[in-house]
Amino acid sequence: MGKFIKTGRVVLLLHGRFAGKKAVVVQNSDNGTKERKYGHALVAGIDKAPMKIHKGMGKKRRAFRSRVRPFIKVANYNHLMPTRYHMDLPQDVQGKISASEQSKKEASKKLVRTVFQDRYKAGKNKWFFQKLRF
C-alpha cells in the first residue's frame, strides 16, 4: 500500500485535545525517530475557526470575527484520518515550523496564523476554514 500521508495533506485529528479538528501535515516521518519510534507527523491546524461575517458589520468587528487560532502538534499516524483534500504550504514556511521547544513553537504558531489568515481572506481552501459538523 502506498504512503498517502504526505506534506500538504489535510487530516482530521481523532484523539486528544484537538480531536475532531482539521489540520495540514507539515512534516511526516514514516519510520519514526529516536524519541518517537512510531510513524508520526507534525501537523498545523485550526483550533478556532473564523466566524460568519454579515454585510452590516463594521470594519473592526469583521477583522475580529475573521481571526484564525491555530495549533501545532506532533501526532501519531493512528490518530490521524486523511481526507481527499490537499493544501499547498509555501516552501519557506515548511522549513520554519518546529514544535521541539516552547519558544520555537510560539513563533511557529504566529507564522502559521498569518499563513492561514491570508488563505482565508483570499478565499482559498474554503472547506478547511469551515467548522466540522458531524
Side-chain angles (χ1 to χ4, degrees):
M1 193 166 137
K3 308 269 188 239
F4 48 85
I5 298 182
K6 296 180 181 174
T7 303
R9 174 71 60 190
V10 176
V11 295
L12 299 176
L13 293 173
L14 302 176
H15 285 281
R17 179 179 175 186
F18 301 110
K21 303 287 184 183
K22 298 173 194 171
V24 180
V25 176
V26 177
Q27 232 174 24
N28 61 334
S29 176
D30 293 329
N31 300 327
T33 59
K34 206 172 198 179
E35 307 88 44
R36 296 180 171 90
K37 298 182 186 333
Y38 48 86
H40 60 276
L42 176 67
V43 295
I46 295 181
D47 185 14
K48 187 177 177 191
M51 295 183 267
K52 287 186 179 180
I53 295 174
H54 305 292
K55 189 168 62 173
M57 290 183 184
K59 202 176 205 181
K60 188 176 178 182
R61 191 158 187 200
R62 283 184 187 196
F64 180 79
R65 290 176 71 94
S66 63
R67 290 184 311 169
V68 177
R69 188 191 307 158
F71 68 86
I72 296 173
K73 182 178 175 67
V74 177
N76 189 338
Y77 278 170
N78 293 335
H79 303 160
L80 299 176
M81 186 170 84
T83 63
R84 63 181 178 171
Y85 297 102
H86 201 272
M87 186 173 168
D88 296 322
L89 292 173
Q91 289 293 339
D92 58 333
V93 171
Q94 288 179 10
K96 292 180 183 176
I97 296 176
S98 173
S100 58
E101 298 173 16
Q102 189 63 30
S103 60
K104 287 183 181 179
K105 192 173 181 179
E106 292 299 322
S108 299
K109 217 188 281 191
K110 287 179 184 175
L111 181 65
V112 168
R113 180 183 293 130
T114 57
V115 170
F116 283 173
Q117 280 188 314
D118 292 343
R119 286 276 170 130
Y120 175 70
K121 288 178 182 173
K124 297 179 181 176
N125 307 101
K126 288 189 177 185
W127 179 81
F128 186 71
F129 296 106
Q130 293 173 354
K131 192 173 181 181
L132 189 63
R133 307 261 182 209
F134 58 92

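Numbers here are sequence positions counted from 1.
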How close do [X] and [Y] get, counting heavy atoms only, and between which atoms?
| X | Y | result |
| --- | --- | --- |
| Pro70 | Val68 | CD-O, 3.4 Å |
| Ser66 | Ala63 | OG-O, 3.3 Å |
| Arg36 | Val74 | NE-CG1, 3.6 Å |

What pairs of residues pass the salt bridge (Lys or Arg N to Asp or Glu O under 4.0 Å) test when at least one of them lies in residues 110-122, not counting sequence neighbours?
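Listed once each, the pairs would be none.
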Can you tell me which residue pairs pass the salt bridge (Lys or Arg N to Asp or Glu O under 4.0 Å) test with a partner in residues 75-84, sequence neighbours excluded?
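Matches after skipping sequence neighbours: none remain.
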Working to the nearest 0.5 Å, report the span between [atom1] of [X] and [atom2] of [Y].
| X | Y | atom1 | atom2 | value |
| --- | --- | --- | --- | --- |
| Leu111 | Ile97 | CG | CD1 | 5.5 Å |
| Arg9 | Met87 | CZ | CE | 13.5 Å |
| Ile72 | Lys104 | CD1 | NZ | 12.5 Å |
| Gln102 | Lys105 | CD | NZ | 6.0 Å |

Partners of Phe64 by ring pair (Phe, Tyr, Trp, His ring centres under 6.0 Å), sequence neighbours excluded?
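Listed in chain order: nothing, the list is empty.
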Partners meeting side chain to side chain contact (heavy atoms under 4.5 Å, CB included) with Tyr77 (sequence neighbours left out)
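Here the qualifying residues are Ile5, Asn28, Asp30, Ala41, Leu80.
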Test of understanding: with side chain to side chain contact (heavy atoms under 4.5 Å, CB included), list the residues that count as partners of Lys131, not counting sequence neighbours.
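With sequence neighbours excluded, Lys131 shows a side chain to side chain contact (heavy atoms under 4.5 Å, CB included) to Arg133, given in chain and number order.
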Return yes if some donor-acceptor pair links the side-chain N/O of Arg65 with the main-chain N/O of Pro50 below 3.5 Å, else return no.
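Absent.
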Kindly work out whether a path of hydrophobic side-chain contacts (I/L/V/M/F/W/Y, heavy atoms less than 4.5 Å apart) joins Tyr85 to Leu89.
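Yes: a chain of side-chain contacts under 4.5 Å links Tyr85 to Leu89.
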Residues 10-27, side-chain donor-acceptor partners within the protein, below 3.5 Å, at least two apart:
| unit_1 | atom_1 | unit_2 | atom_2 | d |
| --- | --- | --- | --- | --- |
| Lys21 | NZ | Asp47 | O | 3.1 |
| Lys22 | NZ | Trp127 | O | 2.6 |
| Lys22 | NZ | Gln130 | O | 2.7 |

How about Phe128 and Tyr120: do any of their side-chain heavy atoms sit closer than 4.5 Å?
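With C-beta onward as the side chain, the pair stays apart.
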